[in-house]
Amino acid sequence: MDPLARLQAPLASTGIPALLITDMSSLGWLTGFSGTYGRAIVTPTDAIFITDSRYTLQAEEEVLNMPTVWFASPTDADEFLADQLKKLGISRIGFEGSTTYSQWQKWSQKLGVELQEAPDLVADLRIQKSDDEVDKVRRACVISDAAFSHIVEFIQPGRSELEVATELEMFMRAQGSEAAFPIIVVSGERSARPHGKPSAKKLEKGDFVTMDFGARVEGYNSDMTRTIVVGEATERHRKVYGCLLDAQIQALNAMKPGVLARDVDKLTRDVLAKDDLAQYFGHGLGHGLGRLVHDSGRLSPTSENVLQPGQIWTVEPGVYIPGFGGVRIEDDVLVTESGIEILTHSTKELLELPQR
């Protein structure tokens, strides 16, 4: 079903006569638009897309499920929006929860309509991916898998974290994608920083190296993490890595329709606790994946999500030990009617690089 039709059905049941969408990831999902500025007005039976003169031709090519109107300087964006609402006869409109207070103030002064905070209908719909969306994420995962195969041949003692991150990004660009987010490459004691930025630090023998990266294909993302050891792994490397991998595999094995997201998260922590490693796992197990890297849904201790077919999740337990280093292993997972399909296929064997 077209995203517009999927949105209009629940909108009709809310009693809100119209919905104003300005979040660009939501607009991309709804319309296919890939530019940087747009707005959509959606009613239970109609919709229009608004953009500015920079995107007139692009919107005509990309936005096929609703008419497009556009404005140019010196017309003010909010005044143009007010004019469209008047033409549609809309006197009350719902706005997204992501709307800032300053934006709400401007709309209150300029739009001439009653503003009402709306339920997050788009986020609720985006968690269930269409076949086309799954295909785009799958293609992004193919590129990130290829990038990992490439980088294991590139890693050498003496290369810097920045060099590794740059090589990953350049490889993915050469495959026709772009980096889904700023690439994380951290090594040695720095690998205990879950979202550490790549630095000029050079890789040394005995370092854990954690690489978190993803590709973006037609607006949809992959998100994969692998951790390797430079040179020969120590017994401690092997034990910490093995415990984390066991926790991730058990989490994956537990995932199927009807399972509570928080229960999968708890299982992972229980497995790590057996080796006294749960204390070093401070973030949630994963998140939804799609148009946003951190899309709708969370695998976390407080999540209310229930796993259902069509959802795509990251599953990424991590252990971060100050003064030693950290390990994270992350896969992208599609929930199916009978269980899951793992979309990332790079080996999770503890690699000692360069390979002998």
Side-chain angles (χ1 to χ4, degrees), residues 127 181 184 186 189-196 208-214 222-229 233-290 292-309 311-336 339-344 346-350:
I127 198 170
F181 52 89
I184 297 168
V186 282
E189 292 185 9
R190 283 175 43 79
S191 61
R193 307 180 184 199
H195 276 196
F208 264 142
V209 182
T210 295
M211 297 167 284
D212 187 343
F213 57 96
S222 60
D223 184 4
M224 185 177 86
T225 306
R226 291 294 187 267
T227 301
I228 61 92
V229 171
T234 65
E235 185 61 32
R236 191 179 187 192
H237 284 129
R238 296 181 188 281
K239 181 176 181 180
V240 172
Y241 189 94
C243 291
L244 185 75
L245 179 58
D246 180 50
Q248 199 230 20
I249 290 172
Q250 291 201 43
L252 292 169
N253 289 340
M255 294 178 71
K256 60 183 179 181
V259 171
L260 295 176
R262 62 174 176 267
D263 288 347
V264 184
D265 180 277
K266 182 178 184 303
L267 170 64
T268 310
R269 295 177 199 280
D270 289 345
V271 174
L272 291 173
K274 294 176 183 177
D275 292 285
D276 200 29
L277 292 175
Q279 62 181 308
Y280 302 114
F281 177 29
H283 56 73
L285 178 63
H287 51 80
L289 180 70
L292 291 177
V293 176
H294 285 241
D295 214 331
S296 301
R298 293 291 179 270
L299 299 175
S300 72
T302 59
S303 175
E304 297 296 325
N305 293 118
V306 179
L307 303 191
Q308 298 295 344
Q311 297 170 350
I312 299 179
W313 297 95
T314 68
V315 182
E316 49 178 306
V319 166
Y320 313 97
I321 304 172
F324 172 65
V327 180
R328 184 164 65 255
I329 304 170
E330 177 182 19
D331 285 308
D332 302 337
V333 173
L334 170 67
V335 182
T336 67
I340 60 168
E341 177 190 349
I342 300 175
L343 303 178
T344 39
S346 296
T347 182
K348 290 185 282 192
E349 173 190 358
L350 178 56

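If you're wondering where the values come from, they're calculated on a predicted model, not measured in any experiment.
- Here the CD atom belonging to Glu330 is positioned 12.5 Å from the CE atom belonging to Met211, to the nearest 0.5 angstrom.
- Side-chain contact between His287 and Asp223 is present, with at least one heavy-atom pair separated by less than 4.5 Å.
- When side chains are defined from C-beta on, Ile127 counts as touching Trp313, because their heavy atoms get closer than 4.5 Å.
- For Arg226, the salt bridge (Lys or Arg N to Asp or Glu O under 4.0 Å) partners at least two apart in sequence or on another chain are Asp331.
- Formation of a donor-acceptor pair under 3.5 Å by the Asn305 side chain with backbone atoms of Arg298 is found in this model.
- Side-chain contact check for Ile321 versus Arg236: some heavy-atom pair is nearer than 4.5 Å.
- A distance of 13.0 Å separates CG in Leu245 from CZ in Arg238, rounded to the nearest 0.5 Å.
- Closest heavy-atom contact between Leu277 and Cys243: CD1-CB, 3.7 Å.
- Here Glu341 contributes atom CD and Asp332 contributes atom CG; the two are 11.5 Å apart, rounded to the nearest 0.5 Å.
- Between Lys256 and Val335, the shortest heavy-atom distance links the atoms C-CG1, 4.5 Å.
- Legend: residues meeting ring pair (Phe, Tyr, Trp, His ring centres under 6.0 Å) with Phe281, ordered by chain and number and at least two apart, are His283.
- A heavy-atom distance below 4.5 Å is not found between the side chains of Ile184 and Phe213.
- For Lys266, the side-chain hydrogen bond (donor to acceptor under 3.5 Å, both in side chains) partners two or more places apart in sequence, or in a different chain, are Asp270.
- Across all their heavy atoms, Gly325 and Ser191 have their closest contact at CA-OG, 3.2 Å.
- If you take CG on Asn253 and CD1 on Ile340, they are separated by 7.0 Å, rounding to the nearest 0.5 Å.
- For the pair Thr347 (side chain) and Glu349 (backbone), a donor-acceptor distance under 3.5 Å is present.
- Looking at Phe324 and His237, their side chains come closer than 4.5 Å, going by heavy atoms from C-beta outward.
- Under the 4.5 Å side-chain criterion, counting only non-hydrogen atoms from C-beta, Leu307 is in contact with Leu299.
- A distance of 5.5 Å separates CG of Leu285 from CG of Asp265, quoted to the nearest 0.5 Å.
- Here the shortest heavy-atom pairing between Ala251 and Val315 reads CB-CG1, 4.2 Å.
- Across Leu350 and Ala233, no two heavy atoms sit closer than the pair CD2-CB, 4.1 Å.
- Using a cutoff of 4.0 Å between basic side-chain nitrogens and carboxylate oxygens, Arg262 and Glu304 are scored as salt-bridged.
- With a 4.5 Å cut-off on side-chain heavy atoms, Thr210 and Arg190 do not count as touching.
- A pairwise comparison of heavy atoms in Pro309 and Thr336 identifies CG-O, 3.8 Å as the closest pair.
- Side-chain N or O atoms of Thr227 include one that pairs as donor or acceptor with a backbone N or O of Arg328 at under 3.5 Å.
- Between atom OG1 of residue Thr268 and atom CG of residue Leu252 there is a gap of 8.5 Å, rounded to the nearest 0.5 Å.
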